[in-house]
Amino acid sequence: MMTHPPLQFLTLLSAIAISSIRGFTSSFVTPRTAHPNPTNEFITKLFATESESESGERRDDVADKISEVAIDKNRRKLFAIAPASTLPFLLNSNVASASESTTATVNPIDDVLETNLSLSPPQQVDTALTMPRAPSRALCADSAEESRIAIFERVAPSVVYIDTFSEKRDVFSTNVMEVPIGSGSGFIWDDSGHIVTNFHVVQEAKSAQVAILTFQSSTTSSIQPAYTSVRPGALGSNGATVLKDFTRTVYKAKVIGVDPTKDIAVLKVDDVPIRELRPIEVGTSTGLRVGQGSLAIGNPFGLDHTLTTGVISGIGREVKSPTGRPISNVIQTDAAINPGNSGGPLLDSSGKMIGMATAIYSPSGASAGVGFAIPVDTVKFIADMLIQNGQIVRPLLGISILDSKQARQALGITKGILILDVKPGTPAFQAGLKGLKRTDSGIIEIGDIIIAIEGTPIEKEGDLFKAIESFEPGDVVKLTVDRPAIEVDDDGSPQIKLKELTFEVKLIASDDSTFLKR
C-alpha cells in the first residue's frame, strides 16, 4: 500500500529546490569562465552598453525573472513526485480559493503561477476541497417526514410528565416527607384540567405532580420550587423543552377516580388557565387495520416528550390489568414503548389518539418491539364515567369464583368456572345458584360450574368478565351451569355426574350496598 512521504522529506525537497535556484540565478549574474554559456555572454554584452546604475537595475529585473522561471521549474518537479494529498499544502491560498464551487477540483499545473517553498511548516488553506458549511436548518427529505414533524409539534403540548410521591417519616423527627417513587406519562383530556394516565402509574402514590408545556410568556402560578425527574441535559430540567415557544410548568395534581380493572386513572390539576391546556384530539379504535402507521409520545426513562414510530402489529389482543382481570381488544404496536411511556398516547398517521400505552412484552424490561395500548374507545368510556361519578359502576353476578388454573389442577375441572361462594341476599342467591361447601361429615361438595352466559361459552375468567360487561346493572341474564350430583349406577356404586341447569339471574351494580356489606 502506498504511503505518503513525511513532512521532513518535503522540507528537504524544498531546501534542495531553493539551493538549486540560488545557484542557477548566480550563474547568470556572475559569469563563470570555466563554463562558458551563450546566455551569459549575451547578458554581459547587454550590461556593458548601459550605465552602471541602469545596468544594476536591469540586472536585478532579469535575475528576478530568471528566478521565477527556475522556481516554477523546480515546483513542477515537486508536483511530479508529491502525492495528491499534499497538493493543498503546496498550492498558494489565493490560487486555491479562486474556485467557489463545492465540488472538489484540482487546477492544472500550467495554471499555477506561484508556489510557497518556505521552510516553515505548511498550513492547510481553505480550498475547494474543504467541506461546505451546513445549513442553519436541516431540510426534510420528504413530505412524510414533514407530516411526522408537524404531528409531533401539534400533539406534544397535550402530553404531560407525571411524577408520583409517597409519604415517609423522617428517622430523626416526626415530620412526614414526600419521597419520589416513580414517573410516567399522561395526556390532557379536556379544558377543565383532567389528565388521563394508567392506574399503575399512580397506584402506590400518595400525591402527584404534573409538568405541562406552557407558553414562555405565561405567568401562571406553579409549584415553587418545582421538582421534576426529567433527565438533565441539553433540554434539562431547567424548564427548556423540545418546542422553542414553550416552557415546562409543574402543578400539583389529585386523583379523582381510578379503574384498576382497565388500568385507567384520571387526575386533575387546578389553577391552570384554559389557554394553557391543549386537550388531545381523540380518534377511534374502531376499524383499525394491521399495517397502519402509529406514533407514540411519552417520557421513557425520564426523557420527556420522546417520539417513536411504527405500525399497528396486531389488534384484538388481551393483557392482564393490575387486578388480574383481562383487558380485551388491546392494540399491539412495534413503536418503541419503554418504562415511562405508560399512560402516553398512541396516535394514528393523522395525529389522532387511537390508544393509551399500557404494557410491553420483553425479557429485558425494555422495548422488544411488542407494545400494547388500551383502545381509545375504552379509554373514553372509562374516563368520562370517572370524571362524572368518580368511580366505575359495573354489572356483577354477586358471586366469587375459583381461579380456573387451580380448579383444573386441584379438582380436575376442565371446562367452565367453579363458583366458590354466592353472596346471601343477592339475585344469584335467590335464583338458587350454589357454591363450594363442606358437609357435616367433612366432605367438600363442589358447587355449580358456569359453562355459558346467554349461550356464550365460558372457558376461563376472561370469558366470564367479557360476557358480563356487555350488559348493564339490572339486566337479567340466562346462566347455564353444570351441577355435580351423586347418582347410583345399576350395580349400586355411587357416581358423580354433571347435570346441566339454566338460571335467570339479575345483575347487580358494583356499588350495590347489599353486595359490599357482606
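- In this view, T378 and K262, I374, P375, I382 satisfy the side chain to side chain contact (heavy atoms under 4.5 Å, CB included) rule, not counting sequence neighbours.
- Residues in residues 186-214 take part in no ring pair (Phe, Tyr, Trp, His ring centres under 6.0 Å) pair, two or more places apart or across chains.
- Among residues at least two apart or in separate chains, there is no ring pair (Phe, Tyr, Trp, His ring centres under 6.0 Å) pair with a member in residues 324-347.
- A distance-only check finds a donor-acceptor pair linking the side chain of T333 to the backbone of V311 [under 3.5 Å].
- Under the rule for a side chain to side chain contact (heavy atoms under 4.5 Å, CB included), Q388 has no partner lying at least two apart in sequence or in another chain.
- With sequence neighbours excluded, the residues that form a side chain to side chain contact (heavy atoms under 4.5 Å, CB included) with E204 are I181.
- Counting heavy atoms from C-beta outward, L277 and I212 have side chains that approach closer than 4.5 Å.
- Taking 4.5 Å as the limit, some side-chain heavy atom of I392 sits within range of a side-chain heavy atom of L386.
- Side-chain contact between F471 and E454 is present, with at least one heavy-atom pair separated by less than 4.5 Å.
- The residue from R483, K437, K434 that alone fulfils the salt bridge (Lys or Arg N to Asp or Glu O under 4.0 Å) condition with D448 is R483.
- Residues meeting the ring-ring contact (aromatic ring centres under 6.0 Å, His included) test with Y361, sequence neighbours left out: F372.
- Under the 4.5 Å side-chain criterion, counting only non-hydrogen atoms from C-beta, K423 is not in contact with I508.
- The side chain to side chain donor-acceptor pair (under 3.5 Å) test applied to K466 returns E318, not counting sequence neighbours.
- For A359, there are no side chain to side chain contact (heavy atoms under 4.5 Å, CB included) partners two or more places apart in sequence or in a different chain.
- Checking side-chain atoms of T309 against main-chain N and O of L295 turns up no donor-acceptor pair under 3.5 Å.
- K268 places a side-chain N or O within 3.5 Å of a backbone atom of S192 that can act as its donor or acceptor partner.
- Identified under the ring pair (Phe, Tyr, Trp, His ring centres under 6.0 Å) test for residues 396-420, with sequence neighbours left out: none.
- Closest approach of D263 to P322, counting heavy atoms only: OD1-CG, 3.7 Å.
- Side chain of D348 to backbone of G351: a donor-acceptor contact under 3.5 angstrom is found.
- With hydrogens and angles disregarded, no donor-acceptor distance shorter than 3.5 Å links the side chain of E276 to the backbone of P273.
- Residues forming a side chain to side chain donor-acceptor pair (under 3.5 Å) with S321 (at least two apart in sequence, or on another chain): T323.
- In this structure, the side chains of I419 and I450 come closer than 4.5 Å at one or more pairs of heavy atoms.
- Put simply, the side chain of S400 gets close to the backbone of D421: a donor and an acceptor are under 3.5 Å apart.
- In the model, D377 has a side-chain atom that pairs as donor or acceptor with a side-chain atom of T286 under 3.5 Å.
- N341 is linked by a side chain to side chain donor-acceptor pair (under 3.5 Å) to nothing, counting only residues two or more places apart in sequence or in another chain.
- Partners of R317 by side chain to side chain donor-acceptor pair (under 3.5 Å), not counting sequence neighbours, listed by chain and number: Q332.
- A salt bridge does not link K415 with D482: none of the charged nitrogens is closer than 4.0 Å to a carboxylate oxygen.
- Of the possible polar contacts, none joining the S349 side chain to the G293 backbone as a donor-acceptor pair under 3.5 Å is found.
- Although no hydrogens or angles enter the test, the distance criterion places a donor-acceptor pair under 3.5 Å between the side chain of T197 and the main chain of S185.
- A donor-acceptor distance shorter than 3.5 angstrom exists from the side chain of N299 to the backbone of H305, with no hydrogens or angles considered.
- In summary, of the residues considered (E469, R325, R394), a side-chain hydrogen bond (donor to acceptor under 3.5 Å, both in side chains) with T261 occurs for R394 alone.
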